[in-house]
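Below is one structure, written out as structure tokens; comments come after it.
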Amino acid sequence: MTCARMLCFALTATSPLSAQLVLAQHQVPPGTEFGARVASVGDLDADGYDDFAVTDPTNVDSVVRAFSGQDATPLYDIPFTQNSNRLEVVGIDDTDDDAVGDLVVLGTEELHCISGVDGTFRWLRRSTDPFEVAANLGDYDGDGHGDIAVIDDNGTVRLLSGVDGTELAPQFSVPGTTSNGFKHMTPLGDLTGDGKTELAVGAGRGFAWVMRINLGVVWRTIALPQNDLVTNAFVGSDIDGDGVSEIVMANQDRRVRIYDAVLGALRTEFSYEDFLSGDPAEGLAAVGDLNEDGTVDIALGGEQSGDYGAVAAFCGASGRTLWTFEGYPPFTKLGAGVAGIGDQDDDGFVDVAISSHRLEGHGVITLSGRILASVADGGGACGGGPFLPELGTTRWRIGESSTIVCRDGPPGAQNTLCFSLRPEAPTYLGASTCFAGIDLDGWVGLFNTPQSDWELTLGVPDVPQLAGIEVALQTVHWPTVSPLGIDLSNALWLRVGY
């Protein structure tokens, strides 16, 4: 077998398009609720890399585990002995003058302030009305320490001193009903110029509000398309890079919606239904600008997607898929929690912490956010001769050359290398095993030749914005003795990347 034939054979082997690089992983024994939530919590161990924390709300044995963002080794455990079936963790600004950010751990009836350096307890705040979520306020009262906002299930918001938990301002309420719940809250930065951050608060369904916490009033009301539409996940991030945060929601109808926080208006929306199956996504995070188009991109996790759960990254500007990644044993429910954790591998791209939750697959992995080039065999070859045309290619890496190889084309036939964006599915052509793996309504010919065996070198432009685009290649050979009068090679489906 010649080197060229070996190359073609190797490159037509099926490989998944979810080719992201796992940086580190940590598995825990079964029998707990580890992995329910993941949060980025800043650089706790002062090694220059952001760290993350994972919750385990196993009733009286609940715990939050802090991890090194660089290699996913545990830093410390934070026990939470209150009997709580729900546990949240939030990173906050430094409250104790040790130059390291601290943590808030929130159960149903207790809020604990925790030292970020070593996980030791600092103070607690109790409530007779169940707490829902907490948020980092920054230095609200100007004393040089981080402060906290927390909301209960009646919609009452308290602004707490990070130093000792005392209330910094009168309580105020968010309009809404307790049947909806108040499941989400995120800081948006100072949108009104009063020197205080605004807060976005999301109901369990139907509505969200932008609150001017300095005045304790609603500034903007956001009504979802249906009053009963559930919001599964919620984050604030400056998606378009204009210095003003947007509100990003993942909703029960399997759509992501991005709202302008200043106007309260829908900016854009897209469906993730084709990429995450099963129950709607629960994990949501802003993950930096992965394709360098000037907008922050979004990662979604669905622990019920496929056999082992999955995570997908989407362009914040267009909603197109940038990469997908499926769970694998022992991480068999991957995607319950998702957090952007900064650039852990120093490649210039934000990386992602993803938890696996329930059943036997408890744990957490860190995944490179860099969009890797990949190639998969789309099948579909057919013909009238003893051998079917075979197509192979090296991966299409940005700024590099790629080699495309065709072998065993029918002698004497003209053949064309066809190129298109990747279709949603192959099209059956009505005979034998003939499937068109290219988009029949939008293909172009890249190369024509009468040769049955050939090689072609193409340069992939050095344009980072191409990262994540999926394309298709297939050769058509004519005239032949096949029932359709043409032979087809196998199709190749590629993701452009690094």
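In this chain, numbering begins with 1 at the start of the sequence shown.
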- Atom NE2 in His26, atom OG in Ser355: separation rounded to 0.5 Å? 12.0 Å

- Would you name the heavy atoms of Ser62 and Leu87 that are closest together and state the gap between them? CB-CD2, 4.0 Å

- Message: Is a donor from one side chain sitting under 3.5 angstrom from an acceptor on the other, for Tyr328 and Gln25?
- Response: yes

- Tell me, do Ser368 and Asp347 make a side-chain contact under 4.5 Å, heavy atoms counted? yes

- Item | Heavy-atom side-chain proximity of Arg205 to Leu229 below 4.5 angstrom | no

- Asp51 side chain to Gly69 backbone, donor-acceptor under 3.5 Å: yes

- CZ of Phe67 to CZ of Phe52, rounded to nearest 0.5 Å, is 5.5 Å

- Message: Using side-chain heavy atoms (C-beta onward) and a distance below 4.5 Å, is Asp190 in contact with Thr197?
- Response: no

- Query: So, Glu88 versus Thr55: side-chain donor-acceptor pair below 3.5 Å or not?
  - Reply: no

- Note on the structure: For Thr295 and Asp240 the tightest heavy-atom approach is CG2-CA, 4.2 Å

- Message: Tell me whether Lys183 contacts the main-chain N or O of Gly202 through its side chain, where contact means a donor paired with an acceptor under 3.5 Å.
- Response: no

- Atom of Ile341, atom of Thr366 and distance for their closest heavy-atom approach: CD1-CG2, 3.7 Å

- Message: So, taking the atom named CZ in Arg370 and the one named CG in Leu322, what distance separates them when rounded to the nearest 0.5 Å?
- Response: 14.5 Å

- Interatomic distance, Tyr498 atom OH to Ile398 atom CD1 [nearest 0.5 angstrom]: 4.0 Å

- Side chain proximity check, Leu284 to Val248, heavy atoms < 4.5 angstrom: yes

- Under 3.5 Å side-chain donor-acceptor pair for Asp118 and Thr120: yes

- When rounded to the nearest 0.5 angstrom, what is the spacing between CZ in Phe182 and CG in Asp153? 8.5 Å

- Within a radius of less than 6.0 Å around CZ of Arg320, do more than 12 heavy atoms belonging to other residues, nucleotides or ligands occur? yes

- Item | Residue pair Ile371 / Asn291, side-chain heavy-atom distance below 4.5 Å | yes

- Task: Would you check if the side chain of Arg125 reaches a backbone N or O of Gly165 as a donor-acceptor pair within less than 3.5 Å?
- Result: yes

- Which pair of non-hydrogen atoms, one from Ala261 and one from Leu188, has the smallest distance, and what is that distance? CB-CD1, 3.9 Å

- Residue pair Pro175 / Val218, side-chain heavy-atom distance below 4.5 Å: yes

- Message: Can you confirm whether or not the ring centre of Tyr308 sits under 6.0 Å from the ring centre of Phe331?
- Response: no

- Quick one: do His362 and Gln27 satisfy side-chain contact (heavy atoms from CB on, under 4.5 Å)? Show the steps, please. CA-CA 6 Å; His362 295 285; Gln27 186 182 6; over 6 Å; no

- Checking Asp56 side chain against Phe34 main chain: does a donor-acceptor pair fall under 3.5 Å? yes

- Query: Are the side chain of Asp293 and the backbone N or O of Gln465 linked by a donor-acceptor pair below 3.5 Å?
  - Reply: no

- Message: Can you tell whether the side chains of Glu109 and Arg126 come within less than 4.0 Å, N to carboxylate O?
- Response: no

- Kindly indicate, with the supporting measurements, whether the criterion side-chain contact (heavy atoms from CB on, under 4.5 Å) is fulfilled by Thr156 and Ile151. CA-CA 5 Å; Thr156 301; Ile151 189 170; 6.0 Å; no

- Can you name the nearest heavy-atom pair linking Pro187 to Ala135, along with the distance? CD-CB, 4.0 Å

- Mind running side-chain contact (heavy atoms from CB on, under 4.5 Å) on Ile247 and Ile222 for me, showing each step along the way? CA-CA 10 Å; Ile247 302 169; Ile222 296 171; 3.8 Å; yes

- Between Asn232 and Asn251, does any side-chain donor sit less than 3.5 Å from a side-chain acceptor? no

- Is there a donor-acceptor pair closer than 3.5 Å between any side-chain N or O of Asp43 and the backbone N or O of Asp50? no

- Message: Tell me if a side-chain donor or acceptor on Thr231 pairs with a main-chain N or O of Ala233 at a distance below 3.5 Å.
- Response: no

- Quick one: are the ring centres of Phe234 and His184 less than 6.0 Å apart? yes

- Task: Indicate whether the side chain of Asp45 and that of Tyr76 have a donor and an acceptor atom separated by less than 3.5 Å.
- Result: no

- Evaluate the side chain to side chain donor-acceptor pair (under 3.5 Å) criterion for residues Asp164 and Thr166: first the C-alpha distance (whole Å), next the side-chain angles of each, then the deciding distance (0.1 Å), finally the verdict. CA-CA 6 Å; Asp164 56 14; Thr166 57; 2.9 Å; yes

- Starting from the C-alpha separation in whole Å, work towards a yes-or-no answer on side chain to side chain donor-acceptor pair (under 3.5 Å) for Glu198 and Thr192. CA-CA 8 Å; Glu198 271 62 56; Thr192 60; 3.3 Å; yes

- Item | Intermediate values then yes/no, salt bridge (Lys or Arg N to Asp or Glu O under 4.0 Å), Lys333 and Glu303 | CA-CA 5 Å; Lys333 288 294 179 184; Glu303 63 178 348; over 6 Å; no

- Item | Gly162 to Ile148 - nearest heavy-atom pair and separation | CA-CD1, 4.2 Å

- Is Glu132 reaching over with its side chain to a backbone N or O of Asp152, donor-acceptor style, under 3.5 angstrom? no

- Got a second to check how far Glu470's CD is from Leu494's CG, nearest 0.5 Å? 9.5 Å

- Message: Any heavy-atom pair between the side chains of Asp147 and Asp141 that's under 4.5 Å?
- Response: yes

- Ignoring hydrogens and angles, tell me if any N or O in the side chain of Asp93 forms a donor-acceptor pair with the backbone of His145 under 3.5 Å. no

- Check whether the side chains of Asp102 and Thr95 place a donor and an acceptor atom closer than 3.5 Å, and report yes or no. yes

- Does the pair Trp219 and Leu191 meet the rule for a side-chain contact (heavy atoms from CB on, under 4.5 Å), with working shown? CA-CA 10 Å; Trp219 188 48; Leu191 305 180; 3.9 Å; yes

- Any side-chain heavy atom of Trp493 within less than 4.5 Å of one from Pro423? yes

- Can we call the ring centroids of Phe80 and His112 under 6.0 Å apart? yes

- Query: Can you tell me if Trp323 uses its side chain to pair, donor with acceptor, with the backbone of Gly468 under 3.5 Å?
  - Reply: no

